[in-house]
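Chain A is the first sequence line, chain B the second, and so forth, proteins listed ahead of strands; every chain is numbered from 1.
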Amino acid sequence: MPELPEVETIRRTLAPYLPGKVITRVEPRLAKAFRPDPETFLREVTGRKITSLARRGKYLLLSLDNGKKIAIHLRMSGRLLYSENPSPPPKHTTLILHFEGGAELLMEDPRKFGTVHLFAGKDAPPGLTALGPEPEKKKEVLANLRAAGERRKVSVKAVLLDQRVLAGLGNIYTDEALFLAGIDPSRPVNRITPEEWEKLYTAICQVLEEGLSHRGTSRRDYVDGKGEPGTHQDYLRVYGRRDQPCPACGEPVAYKRVAGRGTHYCRICQQ
DNA sequence: AGTCGCCTGGTA
DNA sequence: TACCAGGCGACT
């Protein structure tokens with residue numbers, strides 16, 4: 001569910017609490033979510049201390065004092081919640097880490113798509129290894145966008161959603177960036193001009209920064225690491241606003257399927 | 001490059 | 001009842 005601004009907000013809300021915590025007990029509750037397997041996870045994580053917390057794309061990365069790392073991906077409906085006074089775990093709980101002193105970190109995930117990957121250096125999750133640059137790496141991102149543009153006639157939306165091109169965009173912020181840049185989501189990527197790539201890059205940075213400043217978009221599932229929703233849903237220009245007036249021209253916001261995803265756009269402002 | 005599968009839950 | 005959902009990998 002969460003995209004870069006949401007995952008980064010989760011990281012920021014957890015950062016004051018997790019580093020330094022000793023994991024006294026581990027409860028992997030949804031076996032299929034664990035790589036390589038829940039038994040290994042239990043064995044390698046119990047008794048370890050969390051040394052740091054980072055984000056890469058939509059992955060949260062916990063480093064442990066035995067050199068191993070945990071990569072958590074929340075996919076569509078995952079939540080990570082830190083609590084110092086835990087209540088009974090919700091129905092769909094993937095993982096609970098219990099800490100010395102009684103606090104816990106709980107991963108809840110109704111749709112059960114989320115993954116928890118324990119690894120050491122070499123065997124990182126393939127999706128993490130293949131991840132493109134973070135959005136702020138302007139030169140690399142623009143180079144990847146242009147390279148994607150030379151090759152094929154896929155839609156520009158599909159390219160923005162491709163985590164190997166740049167890391168962190170999902171369905172919401174992709175639609176928002178394409179609206180800001182005035183580009184039709186289904187435009188073949190080989191017909192984007194250099195000026196438009198530049199404009200699109202600027203729009204991507206803008207919508208991600210806005211989302212982050214509002215602590216994420218909470219439409220259905222998303223809350224931060226302390227259970228607080230974000231407010232960026234109140235500032236979205238087109239996403240989720242089907243049939244409502246375009247903020248620029250008043251035309252009803254259109255909706256169709258592009259790159260396999262529900263897509264919101266303005267047929268007047270975006271060409 | 002598009003569609004399907006993975007899952008559950010909310011809403012029309 | 002049917003369709004939709006902040007993702008992504010495995011299929012054609």
Side-chain angles (χ1 to χ4, degrees), chain A residues 1-11 29-35 55-60 71-80 90-94 107-117 124-132 135 148-149 151-178 185-190 204 207-208 210-212 214-225 228-243 255-264:
Chain A
M1 107 217 179
E3 308 180 33
L4 189 153
E6 289 75 36
V7 180
E8 177 60 17
T9 301
I10 292 171
R11 189 197 68 76
R29 291 187 164 224
L30 181 69
K32 69 154 206 157
F34 290 84
R35 315 288 149 72
R55 178 195 58 77
R56 178 80 172 91
K58 301 174 192 173
Y59 289 87
L60 275 167
I72 295 176
H73 198 304
L74 298 170
R75 288 298 213 276
M76 293 288 268
S77 62
R79 292 173 159 181
L80 266 188
K91 186 175 175 186
H92 303 292
T93 296
T94 298
M107 179 174 170
E108 177 189 10
D109 185 7
R111 295 181 72 178
K112 306 180 182 178
F113 294 164
T115 54
V116 181
H117 197 126
L128 179 59
T129 307
L131 216 51
R151 281 179 306 181
R152 300 150 305 165
K153 57 182 175 89
V154 286
S155 66
V156 60
K157 174 157 180 169
V159 169
L160 296 191
L161 287 171
D162 187 340
Q163 301 299 300
R164 299 168 300 182
V165 174
L166 82 164
L169 283 180
N171 205 31
I172 294 179
Y173 294 97
T174 294
D175 282 3
E176 293 291 297
L178 286 164
S186 49
R187 171 117 63 98
V189 78
N190 59 6
I204 289 167
V207 298
L208 291 176
E210 287 175 355
L212 194 53
H214 295 130
R215 304 171 52 81
T217 303
S218 295
R219 302 194 71 246
R220 26 171 51 90
D221 300 314
Y222 169 72
V223 290
D224 70 19
E228 291 295 318
T231 61
H232 193 60
Q233 62 280 8
D234 299 334
Y235 301 88
L236 295 172
R237 294 169 175 88
V238 287
Y239 188 88
R241 301 190 65 250
R242 183 178 190 170
D243 296 336
Y255 177 90
K256 69 173 173 179
R257 209 150 276 276
V258 180
R261 314 294 300 275
T263 300
H264 307 258

Rounded to the nearest Å, what distance is computed from the [atom1] atom of residue [X] to the [atom2] atom of nucleotide [N]?
X        : N     : atom1 : atom2 : answer
A:Arg219 : C:dG7 : CZ    : P     : 12 Å
A:Asp221 : B:dG9 : CG    : P     : 11 Å
A:Tyr173 : C:dG7 : OH    : C1'   : 15 Å
A:Leu169 : C:dG7 : CG    : P     : 10 Å
A:Arg29  : B:dC7 : CZ    : P     : 19 Å
A:Leu160 : C:dG7 : CG    : P     : 13 Å
A:Glu108 : B:dT8 : CD    : P     : 14 Å
A:Lys32  : C:dC8 : NZ    : C1'   : 12 Å

> Shortest non-hydrogen contact from A:Arg29 to A:Phe34?
Replying inline: N-CE1, 4.3 Å
> Which heavy atom in A:Pro125 sits nearest to a heavy atom in A:Tyr59, and how many Å separate them?
Replying inline: CG-CE2, 4.3 Å
Between [X] and [N], is there a side-chain N or O to OP1/OP2 distance below 4.0 Å?
X        : N     : value
A:Gln163 : C:dG7 : no
A:Lys112 : B:dT8 : yes
A:His73  : C:dC8 : yes
A:Arg261 : B:dA1 : no
A:Lys153 : B:dA1 : no
A:Tyr222 : C:dG7 : no

How far does the [atom1] atom of [N] sit from the matching atom of [M], given to the nearest Å?
N     : M      : atom1 : answer
C:dC4 : B:dC4  : P     : 13 Å
B:dG5 : C:dC3  : P     : 15 Å
B:dC7 : C:dC11 : P     : 15 Å

Under 4.0 Å between any heavy atoms, over every strand shown, what does [X] touch: base, sugar-phosphate, or nothing? Just pick one.
X        : answer
A:Gly114 : nothing
A:Ser155 : nothing
A:Gly216 : nothing
A:Gly170 : sugar-phosphate

>> Which is more 5' along DNA chain B, the nucleotide nearest A:Ala158 or the one nearest A:Arg220? Just name the residue.
In response: A:Ala158
> Do A:Arg111 side-chain and C:dA5 base share a donor-acceptor contact under 3.5 Å?
Replying inline: yes
> Does a salt bridge link A:Asp175 with A:Arg237, judged by any charged N lying under 4.0 Å from a carboxylate O?
Replying inline: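 No, this pair does not count.
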> Which of the following nucleotides, B:dG9, B:dA1, C:dG7, is nearest to the side chain of A:Lys58?
Replying inline: C:dG7
>> Given B:dG9, C:dG9, C:dG7, identify the nucleotide with an atom nearest to the side chain of A:Tyr59.
In response: C:dG9
> B:dA12 pairs with which nucleotide, Watson-Crick or G-U wobble, both distances below 3.5 Å?
Replying inline: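 For B:dA12, the partner nucleotide comes out as C:dT1, under the 3.5 Å rule.
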>> Donor-acceptor check, side chain of A:Gln163 to backbone of A:Leu169, threshold 3.5 angstrom: yes or no?
In response: yes
> What class does the angle between the rings of A:Tyr173 and A:His232 fall in, given that below 30° is parallel, 30 to 60° is tilted and above 60° is perpendicular?
Replying inline: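 Parallel, since the angle between the ring planes stays under 30°.
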>> Show, in sequence, the C-alpha distance, side-chain angles and deciding distance for A:Leu212 and A:Thr9, and conclude whether the side chain to side chain contact (heavy atoms under 4.5 Å, CB included) test is met.
In response: CA-CA 7 Å; A:Leu212 194 53; A:Thr9 301; 3.8 Å; yes
> Mapping A:Pro126 and A:Arg242 to their closest nucleotides on DNA chain C, which lands nearer the 5' end?
Replying inline: A:Arg242
> Less than 5.5 Å between centroids and less than 30° between ring planes, does A:Phe113 satisfy that with C:dC8?
Replying inline: no
> Can you list the steps and then say if A:Ser77 with A:His92 is a side chain to side chain contact (heavy atoms under 4.5 Å, CB included)?
Replying inline: CA-CA 10 Å; A:Ser77 62; A:His92 303 292; over 6 Å; no
